[in-house]
Asker: 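Have a look at this one before I ask anything.
Chain naming here is simple, since letters A, B, ... match the order of the sequence lines and numbering starts at 1 in each. Computed from a predicted model, the values in this text were never measured in an experiment.
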Protein chains: 2
Amino acid sequence: MPKDRAPTRIQKKNRAAILEAALNVFSAHGFRGATVDQIAAEAGLSKPNLLYYFPSKEAIHTALLSGLLDTWLAPLHELDADGDPMEEILSYIRRKLQMSRELPRESRLFANELVQGAPRIHEALSNDLKALVDDKTTILTQWMDEGKIARLHPYHLIFSIWALTQHYADFDVQVRAILGNEDPFAGAEPFIDTLYRKLLTP
Amino acid sequence: MPKDRAPTRIQKKNRAAILEAALNVFSAHGFRGATVDQIAAEAGLSKPNLLYYFPSKEAIHTALLSGLLDTWLAPLHELDADGDPMEEILSYIRRKLQMSRELPRESRLFANELVQGAPRIHEALSNDLKALVDDKTTILTQWMDEGKIARLHPYHLIFSIWALTQHYADFDVQVRAILGNEDPFAGAEPFIDTLYRKLLTP
DNA sequence: CGTGAGTTTGACCAGATGGTCAAATCAAGA
DNA sequence: TCTTGATTTGACCATCTGGTCAAACTCACG
């Protein structure tokens, strides 16, 4: 393992390649289903070389998850208490749906982890995620109190947004098996938009 | 392997025990993450004994999935073209939500499979599932044409029901990490009910 | 009972997998 | 160019895992 100095050009390149490869493999096969050889091959490195940059398979997985958590939560962070309630929520939804379209691997990486009980990120859920959600539901509740949007259970409102948007990334195969050649997102966006306009209108 | 006669009392008992154990293990760890030893232990059998009843790990998984597919699709089957549109859809939703509450392992079994690209049930999706959904969306479209419910993309309407209801089983850890002690379903049922009443009202 | 089919198991195997290590190779600054 | 730390690798190891097999045991029934 390299010293703890500033990372070399080569270190940067290889670490990035490993994380990129790991994202492919872990999101497609889950932690247990992924093999170090597979990740190494996809990153264009030999297995011992990969293990020179990360001490273990687990370490790669952890680095990947914690590195992506911020990206994953960014859309919700942007929800602004001072904006127009309906527009704020709808644009949050649009950002989430866009992430499902553009970052399906990231979505499935988390889905894999969550479905299996989140053994490796349970703490982040109870701390970071819960704090963020609590913060934003306060805003939602405020808007409801002011009559700006319909009164609903704020937590379930958020869950519904996650469920509806991530469904298209996580269960992509199923969606495509049913829609055939139709682009899932082409229909999803107006559908979800309509749904929340109707739901949130007081 | 036993003859292909009528199954013995012991055969019935052990096959059932194996499938029950396999449901626990596969739903919690995915196909690759589950081990035959684990399933055998949970079923109270030795590994060779388990493999006396099923020829392979794969065979157990397949038997489990195909055996549960009917159960899983039953609620949608019940959607009746002759019933009251709003009530038919809302009670379909209630049945699905109830399945999430009562059969979360089954939900996660399918979720695990789907997230990883459904390598083992892809065919069932494109055939059985697609046929069923096509059948039921015809009914939905009819209701829309008759002005009984709001006009929406029927496929996405179904996807939304799946997403919203199964979310509570599949991502149970996340939901509970955020809700704390609150019972997820206590809030989910009225929320989802309200959501679809508003959405479907023309 | 006795017997044959059904059931169970300890011992074993081959391949996969995560990980190690010493030796070889490479890169860049003095 | 030389030196030193960074990088890479072939060979290797222990463990896990799906699966096999022959021998032992149990059960139902004539």
Asker: Which residue in the set Arg95(B), Lys136(B), Lys96(B) passes salt bridge (charged side-chain N to carboxylate O under 4.0 Å, His left out) when paired with Glu78(B)?
Answerer: Arg95(B)
Asker: Using modelled atom types and a 3.5 Å cut-off, is there a donor and acceptor pairing between side-chain atoms of Lys198(B) and backbone atoms of Thr201(A)?
Answerer: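 Flag set: sc Lys198(B) to bb Thr201(A) pair under 3.5 Å.
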Asker: Centre of Phe54(B)'s six-membered ring, under 6.0 Å away, within 45 degrees of the axis: is that where NZ or CZ of Arg15(B) sits?
Answerer: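 Positive - Arg15(B) is close enough to the ring of Phe54(B) and near enough to its axis.
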Asker: May I have the distance from Tyr53(B) (atom OH) to dG6(C) (atom P), rounded to whole angstrom?
Answerer: 11 Å
Asker: Are there any protein N/O atoms within less than 3.5 Å of an N/O atom in nucleotides 27-30 of chain D, and if so, which ones and at what distance?
Answerer:
| from | atom 1 | to | atom 2 | distance (Å) |
| --- | --- | --- | --- | --- |
| dA28(D) | OP1 | Arg9(B) | NH2 | 2.7 |

Asker: Would you confirm whether Ser107(A), through its side chain, and Leu103(A), through its main-chain N or O, come within 3.5 Å as a donor-acceptor pair?
Answerer: no
Asker: State whether Asn14(B) places a side-chain N or O below 4.0 Å from either non-bridging phosphate oxygen (OP1 or OP2) of dT8(C).
Answerer: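 Indeed, a polar side-chain atom of Asn14(B) lies that close.
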Asker: Rounded to the nearest Å, what distance is computed from the CG atom of residue Asn49(B) to the C1' atom of nucleotide dA11(C)?
Answerer: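 Answer to the nearest Å: 16 Å.
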Asker: OG1/Thr165(A) to CG/Asp170(A) distance, rounded to the nearest 0.5 angstrom?
Answerer: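 Between atom OG1 of Thr165(A) and atom CG of Asp170(A) there are 8.5 Å.
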Asker: Does a nitrogen or oxygen in the side chain of Ser46(A) sit under 4.0 Å from OP1 or OP2 of dG10(D)?
Answerer: no
Asker: Is Asp193(B) salt-bridged to Arg94(B), going by a charged N under 4.0 Å from an acidic O?
Answerer: yes
Asker: Taking NE2 from His29(A) and P from dG18(C), how many angstroms apart are they, rounded to a whole number?
Answerer: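 Spelled out: NE2 on His29(A) to P on dG18(C) is 12 Å.
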Asker: For Phe54(A) and dT20(C), what is the distance between atoms CZ and C1' respectively, to the nearest whole Å?
Answerer: 19 Å
Asker: Does dT7(C) have its OP1 or OP2 closer than 4.0 Å to a side-chain nitrogen or oxygen of Tyr52(B)?
Answerer: yes
Asker: Which pairs of donor and acceptor atoms, one on a side chain in residues 24-37 of chain B, lie under 3.5 Å apart (sequence neighbours left out)?
Answerer:
| from | atom 1 | to | atom 2 | distance (Å) |
| --- | --- | --- | --- | --- |
| Asn24(B) | OD1 | Arg105(B) | NH1 | 2.8 |
| Asn24(B) | ND2 | Glu42(B) | OE2 | 2.8 |
| Ser27(B) | OG | Leu23(B) | O | 2.7 |
| Ser27(B) | OG | Asn24(B) | O | 3.2 |
| His29(B) | NE2 | Gln38(B) | NE2 | 3.4 |
| Arg32(B) | NH1 | Arg32(A) | O | 3.1 |
| Thr35(B) | OG1 | Gln38(B) | N | 3.0 |

Asker: What is the distance, rounded to the nearest whole Å, between atom CZ of Arg15(A) and atom P of dA6(D)?
Answerer: 12 Å
Asker: Please produce a list of atom pairs where a protein N or O lies less than 3.5 Å from an N or O of nucleotides 14-17 of chain D.
Answerer:
| from | atom 1 | to | atom 2 | distance (Å) |
| --- | --- | --- | --- | --- |
| dT17(D) | OP1 | Arg32(A) | NH2 | 2.3 |

Asker: Just how far, in rounded Å, is P of dT7(D) from CG of Leu51(A)?
Answerer: 15 Å
Asker: Looking at Trp72(B), is its backbone amide N or carbonyl O close enough to the side chain of Glu106(B) to form a donor-acceptor pair, meaning the two atoms are under 3.5 Å apart?
Answerer: no
Asker: Mind telling me whether Phe159(A) and Tyr155(A) have parallel, tilted or perpendicular rings, with 30° and 60° as the class edges?
Answerer: tilted
Asker: Is the phosphate of dT7(C), meaning OP1 or OP2, less than 4.0 Å from a side-chain N or O of Gln11(B)?
Answerer: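 True: Gln11(B) side-chain N/O within range (under 4.0 Å) of dT7(C) OP1/OP2.
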Asker: Nearest-Å distance, NZ (Lys12(B)) to P (dG6(C))?
Answerer: 16 Å
Asker: Please state how far atom NZ in Lys13(A) lies from atom C1' in dC26(C), giving the value in whole angstrom units.
Answerer: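 Distance, rounded to whole Å: 12 Å.
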